[in-house]
Participant: 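Sharing a structure here in C-alpha cells format.
Atoms considered below: every heavy atom in the structure, side chains included; atoms not considered: hydrogens, waters and symmetry mates. Positions are given from 1, in the same order as the sequence printed here.
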Amino acid sequence: YVAAYLLASLGGKQPGKAEVTKVLEAAGSKIEEDKLDEFLAAVQGKTTAELVALGREKLASVPSGGVAVAAPAAAAAPAAAAPAAAAKKEVKEEVKEEEEDTAQFDLFD
C-alpha cells in the first residue's frame with residue numbers, strides 16, 4: 001500500500017482511498033479493505049516528505065551489518081585480483097591458439 005500511495009501522490013495531492021485503490025487495481029494487486037483503511041488512517045494529515053523522513057528514521061535504527069562485512073571483503077579484493085588477472089591472460093592465450101587452429105580451415109573449400 002505504501003508504494004501505491006507514493007505513486008498516487010506524484011500528482012502533488014494527498015491521495016485518498018480511491019486513488020490508491022486505482023493504482024493497486026492497475027497493478028493487479030489484491031486489495032484488503034481493512035488494511036488499506038488502517039494504512040490511510042496512519043498517514044492521514046502527513047505529507048509525503050514527512051512520511052519519507054519518518055521512514056528514514058526507522059530504517060536508521062535497523063542494523064544492517066553491511067559495514068562490518070565490507071571491510072574484510074575490501075581487504076581480500078587485491079589478493080583476488082592477481083589470480084583473476086592471470087586467468088584473463090590464460091584465456092587470451094587460449095583464444096589466440098583457437099584462432100590459429102581455425103585459420104587453417106576454410107569453409108568454402
Side-chain angles (χ1 to χ4, degrees):
Y1 300 124
V2 176
Y5 180 86
L6 292 173
L7 283 171
S9 71
L10 290 175
K13 299 177 185 176
Q14 185 173 11
K17 186 174 182 174
E19 292 84 8
V20 174
T21 300
K22 186 176 180 179
V23 171
L24 290 168
E25 287 174 346
S29 297
K30 179 181 174 188
I31 301 169
E32 296 180 31
E33 296 291 329
D34 56 333
K35 288 186 180 185
L36 178 58
D37 291 338
E38 182 181 340
F39 170 76
L40 291 173
V43 299
Q44 184 176 4
K46 297 176 184 162
T47 66
T48 304
E50 291 172 334
L51 294 171
V52 170
L54 288 170
R56 282 187 181 171
E57 289 175 16
K58 288 182 180 182
L59 285 175
S61 66
V62 176
S64 64
V67 176
V69 174
K88 285 183 182 179
K89 190 173 185 178
E90 289 177 17
V91 170
K92 286 182 182 178
E93 288 178 6
E94 289 178 16
V95 170
K96 286 182 182 178
E97 290 176 9
E98 289 176 8
E99 289 175 0
E100 291 172 4
D101 291 342
T102 58
Q104 297 172 2
F105 176 75
D106 190 4
L107 183 62
F108 300 106
D109 275 346

Participant: Write out all pairs satisfying ring-ring contact (aromatic ring centres under 6.0 Å, His included) with one or both partners inside residues 5-34, taking only residues at least two apart or from two chains.
Facilitator: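 Applying ring-ring contact (aromatic ring centres under 6.0 Å, His included) to every pair that reaches into residues 5-34, excluding sequence neighbours, yields Tyr5-Phe39.
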Participant: Quick one: do Leu36 and Val2 end up in the same hydrophobic cluster if we chain Ile, Leu, Val, Met, Phe, Trp and Tyr together by side-chain heavy atoms under 4.5 Å apart?
Facilitator: yes
Participant: Is there a path of hydrophobic side-chain contacts, each under 4.5 Å between heavy atoms of I, L, V, M, F, W or Y residues, that connects Val20 with Val43?
Facilitator: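 In one cluster with Val20: Val43, yes.
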Participant: Hydrophobic clusters here meaning ILVMFWY residues chained together by side-chain heavy-atom distances under 4.5 Å, can you tell me if Val52 and Leu54 are in one?
Facilitator: no
Participant: Of all the heavy-atom pairs spanning Gly45 and Gln14, show the shortest one and how long it is.
Facilitator: N-NE2, 3.4 Å
Participant: Mind checking the CD-CG spacing from Glu32 to Leu24? Nearest 0.5 Å is all I need.
Facilitator: 11.0 Å
Participant: List in chain and number order the residues that pass salt bridge (Lys or Arg N to Asp or Glu O under 4.0 Å) with Lys46, two or more places apart in sequence or in another chain; answer none if no residue qualifies.
Facilitator: none
Participant: Assess whether atom NZ of Lys22 is packed by more than 12 heavy atoms of other residues, nucleotides or ligands within 6.0 Å.
Facilitator: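 For Lys22, atom NZ is not crowded (no more than 12 foreign heavy atoms under 6.0 Å).
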Participant: Flag yes if Val23 and Leu51 sit in one hydrophobic cluster, no otherwise; membership is Ile, Leu, Val, Met, Phe, Trp, Tyr, and two members link when side-chain heavy atoms are under 4.5 Å apart.
Facilitator: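 Val23 does not cluster with Leu51.
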Participant: Just verifying a value: how many Å separate Leu6 CG and Tyr1 OH, rounded to the nearest 0.5 Å?
Facilitator: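 Reported value, rounded in 0.5 Å steps: 15.0 Å.
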Participant: Locate the shortest heavy-atom distance separating Ile31 from Glu25; write the atom from each residue and the value.
Facilitator: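 Closest pair (atom of Ile31, atom of Glu25, distance): CD1-CG, 3.7 Å.
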Participant: Within a radius of less than 6.0 Å around CD of Glu33, do more than 12 heavy atoms belonging to other residues, nucleotides or ligands occur?
Facilitator: yes
Participant: Using the salt bridge (Lys or Arg N to Asp or Glu O under 4.0 Å) criterion, which residues pair with Glu38? Sequence neighbours excluded.
Facilitator: none
